[in-house]
Amino acid sequence: MVRPINDVVGFAAAVATLYPDLVLAHHWSIQDDGDGPYLAEWPEELELPTEQQISAAGDLVRAGEELRGRSAEASAVIAALQEPIALLQDAVDLGLADAEETDRLQELSAALTEWKRYRVLLSRVQTSAGWPSAPAWPPRPNLEISLP
């Protein structure tokens with residue numbers, strides 16, 4: 001059986017969902033001889049995933065990868081902001097901060113708040129009406145702050 005596969009990620013994800021034992025047993029294969037990927041092997045006793053199942057599974061995989069990437073970025077920025085904020089806050093608390101340090105603390109704190117807000121909104125994307133085919137991504141905060 002030769003069947004063109006337009007969405008390899010979606011096809012593989014649909015197979016994993018519909019036939020988890022088949023994925024483990026490797027009784028199917030996709031090949032590409034230069035003309036595009038196609039289904040080279042498939043057990044005759046099993047129905048192929050429908051285009052709708054392939055599309056839905058592919059959307060879920062791609063949206064999940066995008067969400068993980070955005071969440072990791074937000075967490076990394078938050079972590080990078082917290083150390084200089086803590087040091088500047090210590091200087092303010094001890095009465096040792098000059099005007100420049102106080103201004104910098106306010107700037108970094110405002111950025112931290114925006115990135116925390118973004119991370120929280122990202123955590124809610126999966127419950128939005130468009131998930132996973134058309135996620136309602138929150139706007140990414142503008143990072144025009146130089147970190148030490």
Name each donor-acceptor pair under 3.5 Å that joins a side chain in residues 91-98 to protein atoms two or more places apart or in another chain, with its distance.
from  : atom 1 : to     : atom 2 : distance (Å)
Asp93 : OD1    : Gln89  : NE2    : 2.7
Asp98 : OD1    : Glu100 : N      : 3.2
Asp98 : OD1    : Glu101 : N      : 2.8

More than 12 heavy atoms of other groups within 6.0 Å of Glu83 CD:
no
Would you say Glu45 has more than 12 foreign heavy atoms packed within less than 6.0 Å of its CD?
yes
Atom [atom1] of [X] and atom [atom2] of [Y]: how far apart are they, to the nearest 0.5 Å?
| X | Y | atom1 | atom2 | result |
| --- | --- | --- | --- | --- |
| Ile85 | Glu107 | CD1 | CD | 10.0 Å |
| Ile78 | Glu73 | CD1 | CD | 10.0 Å |
| Leu121 | Arg119 | CG | CZ | 12.0 Å |
| Leu60 | Thr17 | CG | OG1 | 7.5 Å |
| Ile5 | Ile54 | CD1 | CD1 | 5.5 Å |
| Ser109 | Gln82 | OG | CD | 10.5 Å |

Do NZ/NE/NH1/NH2 and the carboxylate oxygens of Glu114 and Arg117 come within less than 4.0 Å?
yes
Report whether [X] and [Y] are members of the same hydrophobic cluster (ILVMFWY, side-chain heavy atoms less than 4.5 Å apart, transitive linking).
| X | Y | result |
| --- | --- | --- |
| Leu67 | Val77 | yes |
| Val15 | Leu46 | yes |
| Trp131 | Val61 | no |

Pairwise side-chain contact, [X] with [Y], heavy-atom cut-off 4.5 Å (strictly under):
| X | Y | value |
| --- | --- | --- |
| Arg124 | Val120 | yes |
| Leu39 | Leu48 | yes |
| Ile30 | Tyr38 | no |
| Pro138 | Val125 | yes |

Heavy atoms only: give me the nearest [X]-[Y] pair and the separation to one decimal.
| X | Y | result |
| --- | --- | --- |
| Ala13 | Ala57 | CB-CB, 3.6 Å |
| Ala14 | Pro49 | CB-CB, 3.9 Å |
| Leu122 | Ala74 | CD1-CB, 4.5 Å |
| Trp28 | Pro43 | CB-CD, 4.4 Å |

Backbone N/O of Arg68 and side chain of Ser71: donor-acceptor pair under 3.5 Å
no
Evaluate the criterion side chain to side chain contact (heavy atoms under 4.5 Å, CB included) for residue pair Arg62 and Asp7; output intermediate values, then yes/no.
CA-CA 11 Å; Arg62 284 183 284 276; Asp7 182 355; 2.8 Å; yes
Test side chain to side chain contact (heavy atoms under 4.5 Å, CB included) applied to Phe11 and Gln53, step by step
CA-CA 8 Å; Phe11 186 86; Gln53 290 168 322; over 6 Å; no
Go through the steps for Leu81 and Trp115 under the test side chain to side chain contact (heavy atoms under 4.5 Å, CB included), then give the verdict.
CA-CA 10 Å; Leu81 286 167; Trp115 280 94; 4.3 Å; yes
Could you tell me if Ser55 and Gln52 have a donor-acceptor pair between their side chains, going purely by distance under 3.5 Å?
no
Go through the steps for Tyr118 and Trp137 under the test ring pair (Phe, Tyr, Trp, His ring centres under 6.0 Å), then give the verdict.
CA-CA 10 Å; Tyr118 178 63; Trp137 298 113; 8.9 Å; no
